[in-house]
A.B. asks: 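First the structure, which I've put down as structure tokens, then a few questions once you've had a look.
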Amino acid sequence: MKRYIGVTGYMSRQEIAETAELFPQDGPKLMAGILASSKTLAGQTDRYPGRYPAMAVWPGILPLYKRDQRVYHLVHYCTDQPKELAQQLERVTDAFGWEYLDGFQLNMVWPAVGEIEAYLRRNAGTNIVLQVGEGAIREAGFSPKEIADRVRPYQYLISAVLLDRSGGTGKPLVTEWLRGCVAE
């Protein structure tokens with residue numbers, strides 16, 4: 001997976017296109033993150049409607065051309081029905097168009113490995129970024145070793161790990177803690 005700079009919360013194809021123009025062909029990619037959830041998948045309004053596009057507009061968000069090599073398209077997905085994750089990811093993939101989607105960032109606490117495996121059996125080559133957010137970090141007791149131990153079962157399924165204590169809230173980075181996580 002090539003280096004990328006992530007920007008999340010896109011609501012339209014035009015927003016992605018305008019941002020992509022800022023990225024040179026030979027530099028890091030733009031990771032264009034689109035927020036989706038089990039609520040938006042069910043046609044409901046998410047609690048942040050200005051950040052989560054309605055399912056009806058999903059097909060129009062990603063570019064119609066095969067792929068702009070500067071852009072990496074990820075759907076940032078969360079669910080309140082984790083036992084149905086594989087089926088939900090299938091539905092999201094179909095709605096966006098598998099040929100335009102590069103993968104998912106799973107914004108949930110330690111999703112079931114079996115659910116990710118089930119999805120990848122039918123969608124080999126899809127990139128999965130595992131977000132290790134505040135809830136997952138708390139469950140691991142804030143221990144870098146425990147976090148590494150919990151990430152290990154995902155290692156052959158995921159493309160990357162995102163250590164995200166802030167979750168978009170602007171909390172400062174704790175570099176000493178992060179150093180311990182990277183070392184583990």
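Fair warning: this is a prediction, and the values are worked out from it, not measured in the lab. The chain is numbered in sequence order, starting from 1.
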A.B. asks: Within the 4.5 Å heavy-atom criterion, are Q25 and R70 side-chain neighbours or not?
C.D. replies: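 A side-chain contact exists here, since the closest heavy-atom pair is under 4.5 Å.
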A.B. asks: Atom CD of Q14 and atom CD1 of I61: how far apart are they, to the nearest 0.5 Å?
C.D. replies: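 One finds 13.0 Å between CD of Q14 and CD1 of I61.
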A.B. asks: Evaluate the side chain to side chain contact (heavy atoms under 4.5 Å, CB included) criterion for residues F142 and I147: first the C-alpha distance (whole Å), next the side-chain angles of each, then the deciding distance (0.1 Å), finally the verdict.
C.D. replies: CA-CA 8 Å; F142 297 90; I147 290 167; over 6 Å; no
A.B. asks: Do you know the tightest heavy-atom contact between L30 and A20?
C.D. replies: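 Where L30 meets A20 most closely, the heavy atoms are CD2-N, 3.8 Å.
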A.B. asks: Atom SG in C181, atom CD1 in I137: separation rounded to 0.5 Å?
C.D. replies: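 So the SG of C181 and the CD1 of I137 are separated by 7.0 Å.
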A.B. asks: Considering only heavy atoms from C-beta outward, does the side chain of W177 approach that of V182 to under 4.5 Å?
C.D. replies: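 SC-SC contact between W177 and V182 ruled out.
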A.B. asks: Are any of the side-chain heavy atoms of T126 and L101 separated by less than 4.5 Å?
C.D. replies: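 Side-chain contact under 4.5 Å: no.
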A.B. asks: Identify the residue among E84, K39, Q88 that makes a side chain to side chain donor-acceptor pair (under 3.5 Å) with T79.
C.D. replies: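 Considering E84, K39, Q88, a side chain to side chain donor-acceptor pair (under 3.5 Å) with T79 is found only for Q88.
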A.B. asks: Determine whether L157 and I128 make a side-chain contact, defined as any pair of heavy atoms from C-beta on separated by less than 4.5 Å.
C.D. replies: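 They are not in contact (no side-chain heavy atoms under 4.5 Å apart), so the answer is no.
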A.B. asks: Each residue besides Y52 in its hydrophobic cluster should be listed here, by chain and number; the cluster joins Ile, Leu, Val, Met, Phe, Trp and Tyr at side-chain heavy-atom distances under 4.5 Å.
C.D. replies: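 L35, Y48, all in the cluster of Y52.
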A.B. asks: Out of curiosity, S12 OG to L62 CG, how far, rounded to the nearest 0.5 Å?
C.D. replies: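 Those atoms lie 11.0 Å apart.
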A.B. asks: Rounded to the nearest 0.5 Å, how far does CG of N123 lie from CD1 of I116?
C.D. replies: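 Result: 13.0 Å between the selected atoms.
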A.B. asks: Do T8 and R51 have side chains that approach each other closer than 4.5 Å (heavy atoms only, starting at C-beta)?
C.D. replies: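 No, their side chains stay 4.5 Å or more apart.
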A.B. asks: Less than 3.5 Å apart, any donor N or O on the side chain of S38 or D80 sitting next to an acceptor on the other?
C.D. replies: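 Short answer, yes.
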A.B. asks: Would M108 and L85 count as a side chain to side chain contact (heavy atoms under 4.5 Å, CB included) if you check the C-alpha gap in whole Å, the side-chain angles of each, and the deciding distance to 0.1 Å?
C.D. replies: CA-CA 10 Å; M108 45 193 302; L85 180 62; 4.0 Å; yes
A.B. asks: Closest heavy-atom contact between E15 and G9?
C.D. replies: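 For E15 versus G9, the nearest heavy atoms are OE1-O, 4.4 Å.
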A.B. asks: Measuring from L41:CG to Q87:CD, what's the distance to the nearest 0.5 Å?
C.D. replies: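 If I round to the nearest 0.5 Å, the distance is 10.5 Å.
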A.B. asks: Measure the CZ-CE distance between R91 and M55 for me, rounded to the nearest 0.5 Å.
C.D. replies: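 It comes to 5.0 Å.
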A.B. asks: Please report the shortest heavy-atom distance between A118 and A86, naming the atom on each side.
C.D. replies: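 Shortest heavy-atom separation between A118 and A86 comes out as CB-CB, 3.9 Å.
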A.B. asks: Do N107 and Q131 come close enough that some side-chain heavy atom pair is under 4.5 Å?
C.D. replies: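 The answer is yes, as the side chains (C-beta and beyond) meet within the 4.5 Å cut-off.
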A.B. asks: Using a 4.5 Å cut-off on heavy atoms from C-beta on, say whether the side chain of D94 contacts that of W58.
C.D. replies: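 Counting from C-beta outward, W58 and D94 never come under 4.5 Å.
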A.B. asks: Have a look at S159 and tell me which of L74, D102, N127 forms a side chain to side chain contact (heavy atoms under 4.5 Å, CB included) with it.
C.D. replies: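 Checked L74, D102, N127 against S159; only one passes side chain to side chain contact (heavy atoms under 4.5 Å, CB included): N127.
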A.B. asks: Are M11 and V57 connected into the same hydrophobic cluster when the rule is that any two of I, L, V, M, F, W, Y join if their side-chain heavy atoms are below 4.5 Å apart?
C.D. replies: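 Per the 4.5 Å side-chain linkage, V57 and M11 are not co-clustered.
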A.B. asks: Provide the closest heavy-atom pair for S37 versus D46 in the form atom of the first, atom of the second, distance.
C.D. replies: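 Minimum heavy-atom contact is OG-OD1, 3.0 Å.
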A.B. asks: Measure the shortest side-chain to side-chain distance between E139 and E146 over non-hydrogen atoms and say whether it is less than 4.5 angstrom.
C.D. replies: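 When only atoms from C-beta onward are counted, E146 and E139 do not touch, as no gap falls below 4.5 Å.
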A.B. asks: Would you mind checking if D149 and R152 are paired as a salt bridge, meaning a charged N to carboxylate O distance below 4.0 Å?
C.D. replies: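 A salt bridge links R152 with D149.
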A.B. asks: When the ring planes of F104 and Y77 are compared, do they come out parallel, tilted or perpendicular, using 30° and 60° as the limits?
C.D. replies: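 Judged by the thresholds at 30° and 60°, the geometry between F104 and Y77 is perpendicular.
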A.B. asks: Using the rule that Ile, Leu, Val, Met, Phe, Trp and Tyr join whenever any side-chain heavy atoms are under 4.5 Å apart, tell me whether Y119 and Y100 fall into a single cluster.
C.D. replies: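 Yes, same cluster.
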A.B. asks: On a heavy-atom basis, which atom in A148 and which in E184 lie closest, and how many Å separate them?
C.D. replies: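 Closest heavy-atom pair between A148 and E184: CB-CB, 3.6 Å.
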A.B. asks: Tell me, please, which residues at least two apart from K29 pass side chain to side chain contact (heavy atoms under 4.5 Å, CB included).
C.D. replies: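 Scan of K29 (side chain to side chain contact (heavy atoms under 4.5 Å, CB included), adjacent residues dropped) gives K2, Y4, Y72.
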